[in-house]
Amino acid sequence: MKNQEIAKILYDMADRFAMDGVAFKPYAYRKAADVLIYEEDIENIYERGGLKELESMPGIGKHIALKIEEYLKTGKIKQYELLKKETPVDLEELTKVEGVGPMTVKTLYQELKVKNIKDLKRAAERHKIAPLFGFGEKTEQAILEGIGFLDKTQGRVSVAIAFVEANRIIDYLKTMPEVENISIAGSLRRMKETVGDIDILVSSKNPKKVMEYFVKIPEVQKVWGQGTTKTSVRMKGGYNVDLRVVPKTSFGSALQYFTGSKEHNINLRKIAIAKGLKLNEYGVFKGNKKIAGETEESIYSALDLNWIPPELREGAIKPKPKNLIDYNDIKGDLHCHTTWSGGSGSIEEMAQKAMSLNYLYIGIADHTKYLRIENGLDEKRLKEQRKEIDLLNKKLKIHILQGCEANILADGSIDIKDSALKELDFVIAGIHSHFKLSKDKMTRRLVKAMKNPNVDIISHPTGRIIGKRAEYDIDFDKILVVAKETKTVLEINAHPARLDLNDININKAVKAGVKMIINTDAHQKENMDLMNLGIAQARRGFATKSDIVNTLDLTTYFQ
DNA sequence: GCCGTTTTCGGCCCGACTGTTTTCAGTCG
């Protein structure tokens, strides 16, 4: 899957053009990259119809199509190599520093030979930056702080943490009579898997007072921007919060605007222009007359669109599919660990928790014997566990299914005998070792596991750990084909460190007609509350209720 | 570099903020 690789290059090229002050090309390259990310496998598109087919994609014309072709054929883009040679700087890394953009990088390279963050830090510490034309003490200080922030958090916060923190701040602000409406905005509202900062939007008649109250939150470490409509603070937890306050009449338009994504906003504005209207954060305007603004729905409606859920607002404007999976559609969680293996809750405790979530069923899927460190179950202990589950099923008003999370060994075989797997209500199989096999071996390994008739679900199919471990090298398109053939269900693991499948792969599975299941992989009962994160990713991938099997009463689904 | 139910040329989303300035460039969302 070369889409992401090429998109990354196009983004970098865009920044390099911007750095050289080239007009409009950056815009074109970024747009092409945006399209690529959410497109089907670019190699398939190219194989199907060559250059012509590439050019038929929106935002991709003759020249970028040629560059894509060049990359597919040679693994390189000459012009990109040239650009990198011309200005050998790590643009991607440097522009992660708050306040540093392509133009700044260019100047710092020319004047001080700054190539990467390490150089930048040294230059700032030695006070080489402040004397430069157009720079100053404050800029130099801001750069140092920006680097410190990056070091601490790698610039991104998990959606899980951000969500909890944002709601805490909202609860705090809600106690003010001056706060009329309040909402999460930004990438957090879109439920991106990680967010750069937390955006909160308020409507009030007294913005000044709201801002003053906001900066007094005990967790605030530093206030670093206090305007009339916006205040930015750094929290002690190492993340930033932006609070914006607008009048009530603009709350909807501001919410739409500050929720983004940027591409979504650009596309909406173009629709507005085509209708002879103007859209900004204050409303939709016909000439000088404001025709919408108080609610988000009114904005979309003024543009003749149905309201679009925030999770669907990446890239091009796409309407909400019928039966998009919803947050209350899930009927059970099939990937729960207990004290039988690595978990910290008993089967009964986990089942009680599932009941409190109004689930119809819960699946116990403890680790199996290959994972000694997790006290994985062997065939004999699986039988013993069955007895306990049978007893609890008589006692509790919820259906407990017995499964396991078996290990897919390096050769694709399962670490539990088929005769024992057959006795279980369902079987999850996952990769927990030998992560570095070649693409071919890894793909064959997964395919073999999926072809085992006892295997129902593949857990965390790509194996990534956000910010720590890359995906395994697999041919995901091949996996989808085999999953469809064998009716194997792919897991959307809702744990915030995994979120695997991610939104993009979920969308591919939807298009391929492969069924998925959203599980929390809970190792303690509190983890079962993380289901919403998985649902959010499923929504971002445009999954409908029928794509997700645990929206069904599936006590018999896998038997 | 891309695009076109008014255009194959002339546009390309829009506004706020910051720090540096002396009227503005760069960055951000």
Side-chain angles (χ1 to χ4, degrees), chain A residues 10 13-19 21-35 54-68 79 94-108 129-143 145-146 155 185-190 192 195-201 207 224-232 240-246 250 253-285 303 313 317:
Chain A
L10 294 179
M13 287 180 83
D15 277 346
R16 284 171 193 277
F17 289 131
M19 181 168 75
V22 178
F24 303 114
K25 260 200 213 185
Y27 177 85
Y29 274 72
R30 280 187 201 118
K31 199 183 162 208
D34 290 340
V35 169
L54 293 178
E55 278 183 57
S56 72
M57 294 159 68
I60 294 179
K62 194 174 154 196
H63 291 87
I64 293 183
L66 276 168
K67 291 189 175 70
I68 294 174
Q79 193 188 0
L94 284 167
T95 51
K96 273 186 193 156
V97 179
E98 182 88 35
V100 176
M103 297 294 205
T104 306
V105 171
K106 179 83 170 181
T107 308
L108 292 176
I129 294 176
L132 297 179
F133 184 79
F135 292 75
E137 285 296 331
K138 283 195 171 175
T139 309
E140 189 171 81
Q141 209 48 42
I143 286 174
E145 281 175 25
S187 53
L188 181 55
R189 185 159 177 251
R190 302 199 311 277
K192 251 184 106 107
V195 302
D197 59 15
I198 294 172
D199 290 296
I200 293 174
L201 181 72
W224 63 337
Q226 199 164 4
T228 50
T229 63
K230 174 183 162 180
T231 294
S232 304
N240 295 336
V241 182
D242 281 354
L243 174 73
R244 295 164 201 269
V245 188
V246 298
S250 297
S253 45
L255 183 57
Q256 190 288 308
Y257 174 75
F258 291 120
T259 297
S261 68
K262 195 177 163 188
E263 295 75 37
H264 185 82
N265 289 355
I266 290 172
N267 289 323
L268 276 191
R269 283 183 177 172
K270 284 182 180 168
I271 292 174
I273 291 168
K275 293 182 182 297
L277 304 170
K278 188 173 83 164
L279 168 65
N280 59 27
E281 56 262 55
Y282 302 109
V284 179
F285 297 87
L303 305 177
R313 299 187 197 169
I317 308 270

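Just so we're on the same page: letters track the sequence lines, and every chain starts at 1.
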Exercise. Please name the pair of heavy atoms, one in A:Ala32 and one in A:Ile60, separated by the smallest distance, quoted to 0.1 Å.
Key: CB-CG1, 3.9 Å

Quiz prompt | Distance-only donor-acceptor check, side chains A:Arg244 and A:Thr229, under 3.5 Å | solution = no

Exercise. Look at A:Lys230 together with A:Asp242 and state whether they make a salt bridge at an N to O cut-off of under 4.0 Å.
Key: yes

Self-check item: Length of the line joining A:Met13:CE and B:dG1:C1', which is rounded to integer Å
Solution: 11 Å

Quiz prompt | Between B:dC14 (C1') and A:Leu268 (CG): distance, integer Å | solution = 13 Å

Self-check item: Pairwise P distance, B:dG4 and B:dC13 [rounded to whole Å]
Solution: 14 Å

Quiz item: Do A:Ile317 and A:Ile271 have side-chain heavy atoms sitting under 4.5 Å apart?
Solution: yes

Quiz item: Is the backbone of A:Pro102 close enough, under 3.5 Å, to the side chain of A:Thr95 for a donor and an acceptor to pair up by distance?
Solution: no

Practice problem: Determine, answering yes or no, if A:Tyr27 is stacked on B:dC12 under the 5.5 Å centre rule and the 30° plane rule. | Solution: no

Quiz item: Mind telling me whether B:dT7 is syn or anti, cutoff 90° either side of 0?
Solution: syn

Practice problem: Round to the nearest Å and state the distance from A:Phe17 atom CZ to B:dC2 atom C1'. | Solution: 13 Å

Quiz item: Can you give one letter per nucleotide of nucleotides 3-10 of chain B, going 5' to 3': B for a protein heavy atom under 4.0 Å from the base, S for sugar-phosphate only, - for none?
Solution: S-------

Quiz item: For atom C1', what is the distance between B:dG1 and B:dT8, given to the nearest Å?
Solution: 15 Å

Quiz item: Over how many whole Å does the gap from A:Ile266 atom CD1 to B:dC12 atom P extend?
Solution: 13 Å

Quiz item: For residues A:Asn240 and A:Glu98, is any side-chain donor paired with an opposing acceptor at under 3.5 Å?
Solution: no

Quiz item: Taking the same atom, P, in B:dC28 and in B:dT20, what whole-Å distance lies between them?
Solution: 15 Å

Exercise. Starting at atom CD of A:Gln141, determine the distance to atom C1' of B:dT18, rounded to an integer number of angstrom.
Key: 15 Å

Exercise. Measure the distance from NZ on A:Lys270 to P on B:dC12 and round it to the nearest whole Å.
Key: 10 Å

Quiz prompt | P gap between B:dT21 and B:dG26, integer Å | solution = 13 Å

Quiz prompt | Closest to side chain of A:Ile64, choosing from B:dA16, B:dC2, B:dC12 | solution = B:dC2

Quiz item: Between B:dC13, B:dG1, B:dC17, which nucleotide has the shortest distance from any of its atoms to the side chain of A:Phe24?
Solution: B:dG1

Exercise. For A:Arg189 and A:Thr259, run side chain to side chain donor-acceptor pair (under 3.5 Å): C-alpha distance rounded to whole Å, both residues' side-chain angles, the deciding distance at 0.1 Å, then the answer.
Key: CA-CA 6 Å; A:Arg189 185 159 177 251; A:Thr259 297; 2.8 Å; yes

Quiz item: Which whole number of Å gives the distance between the C1' atom of B:dT6 and that of B:dC14?
Solution: 25 Å

Quiz item: What interatomic distance, in whole Å, is found between C1' of B:dG11 and the corresponding atom of B:dA16?
Solution: 25 Å

Quiz item: Hey, does the side chain of A:Ser187 reach the backbone of A:Arg190 with a donor-acceptor pair shorter than 3.5 angstrom?
Solution: no

Practice problem: Please report, rounded to the nearest Å, how far the P atom of B:dC17 is from the CG atom of A:Leu243. | Solution: 13 Å

Quiz item: Which letter, B, S or -, goes with each nucleotide of nucleotides 20-29 of chain B from 5' to 3', with contact meaning a protein heavy atom under 4.0 Å?
Solution: SS----SSSB

Quiz item: If only atom types and distance count, is the side chain of A:Thr231 paired as donor or acceptor with the main-chain N or O of A:Leu243 below 3.5 Å?
Solution: no

